[in-house]
Amino acid sequence: MNNLVIAETMEGIAQLLELKGESPFKVRAYQRAAQTIENLPVEAERLMREGKLREVPGIGESISQKITELLTTGKCDYYEQLREEFPSGITRLMEVPGIGPKTANRLAGELGITTVAELEQAVLDGRVAKLPRMGEKLAENILHHVRSLRRKDQRIPLGQALPVAEAIVAQLKDNPALRNLTPAGSLRRRVETIGDIDIIGTSDNPQNVMDQFVHLPQVKEVLARGPTKTSVLVEGGLQVDLRLVEHEAFGALLQHFTGSKQHNIDLREFALKRGLSLSEYGITHLREGWLQKFTDEEAFYAAIGLQYIPPELREASSELEAAARRAIPRLVELQNIRGDLHTHTDWSDGHSSLRDMVLAAKERGYEYIAISDHSVGRGVARGLSVERLRRQREEIDELNRSIENIIILQGAEVDIRADGTLDFPEDVLAELDVVTASVHSSMGQDEETMTNRILKAMQSPHVDVIGHLTCRLLGHRPPVAVNIETVLRAAAATKTALEINAQPDRLDLKDLHIRQARDLGVTLVINTDAHWVRQLDFMRYGVAMARRGWCDPQHILNTRTLADVLAFLRERRV
DNA sequence: ATGGCTATCCATGTTTACCAGCTGGTAAA
């Protein structure tokens with residue numbers, strides 16, 4: 001059982017305890033445990049075998065027992081019993097923004113509502129607004145959120161799917177019967193959310209590989225089994241398809257199953273005009289009537305007379321035309337990244353120490369890292385007072401003296417308050433090396449108010465970057481209403497950088513907006529917003545989005561040297 | 001529930017926004 005499943009169970013327990021009205025500290029203990037496990041650098045299963053579970057901070061006697069039970073029996077009695085105490089589905093109500101445990105309990109108890117559909121009906125009937133201490137405004141709010149949740153993407157975030165696919169590939173790769181093996185489909189194109197995972201490969205003995213595949217420990221159910229295609233469900237309900245073909249056809253097959261569908265349609269049309277018919281088996285030269293096979297994709301595109309198109313660009317958005325002109329950009333790569341300009345520490349709501357974050361950044365080969373803890377108004381995140389901010393500067397100065405080969409910048413993630421003012425005074429912001437300003441509250445504002453709010457923040461000479469512009473959380477919260485183009489134009493004019501937030505549930509800006517920003521000459525910066533040492537590795541997802549937005553290294557601020565980054569920041573502050 | 005400690009005990013995250021009803025509860029992440 002992987003850590004994510006354990007974390008979800010702990011989170012489930014926390015929710016039910018909250019509903020039950022248990023001590024908030026007990027609830028927090030389970031929430032903390034859930035977060036810790038999700039961010040553990042090793043499998044909890046291994047820690048259990050080595051008897052080291054209890055050494056993890058936040059995991060004590062009771063929780064370690066429950067984890068052990070989960071790992072050995074696949075179930076947790078305590079959780080099951082808690083679930084029986086409440087109508088099933090009540091925790092789904094709590095997933096609607098604005099509904100917490102108190103409201104969920106009242107809706108269930110006083111109106112008998114246990115599903116989101118029933119909730120919507122009750123709002124429409126006016127039954128919700130009639131409850132004491134509820135009203136029209138709250139009911140309307142609930143309806144709004146219910147409807148946007150229904151529209152929500154049921155797909156899995158890239159950041160969850162990619163590790164699953166990579167783990168499977170890693171486990172199968174040693175099989176001597178295999179020659180190639182790689183994820184294809186939307187995963188290979190690095191689409192922000194994934195439907196199911198397609199892995200394709202070539203083998204001289206497919207039966208043997210399929211046999212190993214269906215017996216992988218994370219496989220929960222075999223849906224279909226054949227020599228060329230096998231489908232399974234893995235932990236977390238994700239479907240994984242494995243296709244195997246003969247080696248000579250790999251290039252065409254990989255191209256075909258990478259998509260996108262529209263890219264392939266366009267490509268086939270393009271090729272037909274040149275007397276070529278494309279298929280997953282290869283390219284048929286229509287005049288001579290022979291099938292050309294390909295062991296790799298580069299040759300496939302070359303045979304059509306096109307420059308190679310990286311998977312991230314295969315979205316039918318002018319890539320064919322660019323490839324024909326040999327004008328595909330040299331896309332930014334992870335190796336181009338020289339630093340991270342948005343990270344948190346345990347000074348605010350991060351979980352790793354400042355020192356550990358710096359050392360981890362150094363391990364990743366970075367030249368610089370900016371520590372950007374929350375500003376004072378972000379109470380839930382233990383935002384820094386001006387006084388604590390200055391004490392943090394002392395620690396940073398000290399670490400800059402004692403740690404070599406990396407420069408630590410002091411930043412802050414300063415709240416853009418509801419009226420567009422900033423949560424630190426300008427003279428305090430002036431002391432910082434880099435300031436990221438973000439919206440964290442009043443996300444329901446109308447488009448004009450929200451746009452003006454952000455424009456106002458950009459007017460400050462000390463705001464260098466706007467963080468996670470739309471505040472979306474994939475599958476949980478829709479983007480705020482904001483006029484993207486207006487913001488992009490203002491960013492270009494004020495030389496404010498826009499963040500590509502690499503947290504897998506944010507990926508904000510999204511690909512289309514990144515490309516728009518790039519075309520308008522906006523400087524972009526890829527940040528992890530890491531709250532744990534390990535989340536520094538989210539950088540790859542941000543890089544993937546930048547690639548999907550057609551960015552080459554020069555569009556991205558943190559591919560530049562420290563001197564150039566500082567020059568950019570100084571220019572902003574004149 | 002955890003973890004530190006004068007321990008069969010005690011402390012544990014704080015500020016803002018919103019809304020229903022005019023001061024306080026609820027949620028945020």
Side-chain angles (χ1 to χ4, degrees), chain A residues 10-11 13-39 53-67 76 78-79 82 93-107 128-142 144-145 344 346-351 373-386 388 413-419 421-424 438-445 449-450 453 468 471-477 480 501 503 505-506 529 531-532:
Chain A
M10 294 301 134
E11 182 58 45
I13 291 176
Q15 270 192 334
L16 292 167
L17 290 175
E18 205 176 1
L19 273 171
K20 210 174 159 179
E22 274 280 4
S23 144
F25 300 112
K26 192 166 168 178
V27 174
R28 269 210 60 77
Y30 278 100
Q31 284 173 340
R32 266 171 38 101
Q35 284 202 344
T36 306
I37 292 159
E38 196 180 327
N39 287 284
L53 264 180
R54 298 248 347 225
E55 289 172 24
V56 178
I59 296 182
E61 185 181 350
S62 177
I63 292 184
S64 70
Q65 272 174 19
K66 290 179 179 85
I67 294 174
C76 172
Y78 182 66
Y79 181 46
L82 273 174
L93 294 183
M94 288 166 67
E95 283 167 22
V96 178
I99 297 183
K102 294 280 195 319
T103 314
N105 254 335
R106 292 189 60 198
L107 291 170
V128 172
K130 284 207 190 77
L131 288 177
R133 295 214 135 260
M134 308 273 276
E136 282 298 329
K137 197 81 187 241
L138 268 177
E140 194 185 306
N141 229 331
I142 289 174
H144 171 78
H145 284 298
H344 295 270
D346 57 13
W347 278 82
S348 68
D349 63 345
H351 300 266
D373 278 308
H374 288 283
S375 58
V376 61
R378 206 86 299 273
V380 284
R382 281 204 311 150
L384 271 59
S385 63
V386 172
R388 286 181 68 220
E413 182 177 19
V414 61
D415 264 36
I416 304 174
R417 292 193 287 233
D419 61 358
T421 58
L422 298 167
D423 195 38
F424 278 138
S438 312
V439 167
H440 290 110
S441 59
S442 306
M443 295 184 190
Q445 291 177 335
T449 311
M450 180 63 81
R453 172 183 181 183
H468 50 69
C471 300
R472 72 169 180 177
L473 291 176
L474 288 169
H476 294 287
R477 184 169 66 208
V480 299
N501 189 297
Q503 291 272 327
D505 58 351
R506 289 193 186 269
D529 197 357
H531 286 67
W532 306 72

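Here is the naming used below: chain letters follow the sequence lines, and residue numbers restart at 1 for every chain. Excluded from the calculations below are hydrogen atoms, water molecules and symmetry mates; all remaining heavy atoms, backbone and side chain alike, are included. Quantities reported herein were computed from a predicted structural model and do not represent experimental measurements.
Taking for each of A:Ser442 and A:Arg54 the nucleotide of DNA chain B with the nearest heavy atom, the 5'-most of the two is the partner of A:Arg54.
With B:dC19, B:dA17, B:dA1 as the choices, the nucleotide that has an atom nearest any side-chain atom of A:Ala418 turns out to be B:dA17.
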Going by atom type alone, with no hydrogens or angles, which donor-acceptor pairs under 3.5 Å involve a side-chain atom of residues 17-28 of chain A and a protein atom two or more places apart or on another chain?
residue : atom : partner : partner atom : Å
A:Glu22 : OE2  : A:Lys26 : NZ           : 3.4
A:Ser23 : OG   : A:Phe25 : N            : 3.1
A:Ser23 : OG   : A:Lys26 : N            : 3.3

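Under the rule for a side chain to side chain donor-acceptor pair (under 3.5 Å), A:Arg382 has no partner lying at least two apart in sequence or in another chain. Residues passing the side chain to side chain donor-acceptor pair (under 3.5 Å) test with A:Glu11: none are found, sequence neighbours excluded. A:Asp373 meets the salt bridge (charged side-chain N to carboxylate O under 4.0 Å, His left out) test with no other residue; sequence neighbours excluded. For A:His374, the ring-ring contact (aromatic ring centres under 6.0 Å, His included) partners two or more places apart in sequence, or in a different chain, are A:His344, A:His440. Residues forming a ring-ring contact (aromatic ring centres under 6.0 Å, His included) with A:His145 (at least two apart in sequence, or on another chain): none. Remark: A:Lys66 engages no residue in a salt bridge (charged side-chain N to carboxylate O under 4.0 Å, His left out) (not counting sequence neighbours).
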Next item on the list: Under 3.5 Å for both distances, Watson-Crick or G-U wobble, that's the pair rule; now give the dot-bracket for DNA chain B, with | marking pairs to another strand and [ ] for crossing ones.
Entry: ((((....))))..(((((....))))).
Checklist line | Base-contact (B) and sugar-phosphate-only (S) positions in nucleotides 20-29 of chain B, heavy-atom cut-off under 4.0 Å, - elsewhere | finding: SS----SSBS
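Residue contacts for A:Ala33: at a heavy-atom cut-off of 4.0 Å it reaches no nucleic acid atom on any strand shown.
A distance-only check finds a donor-acceptor pair linking the side chain of A:Arg472 to the backbone of A:Arg506 [under 3.5 Å].
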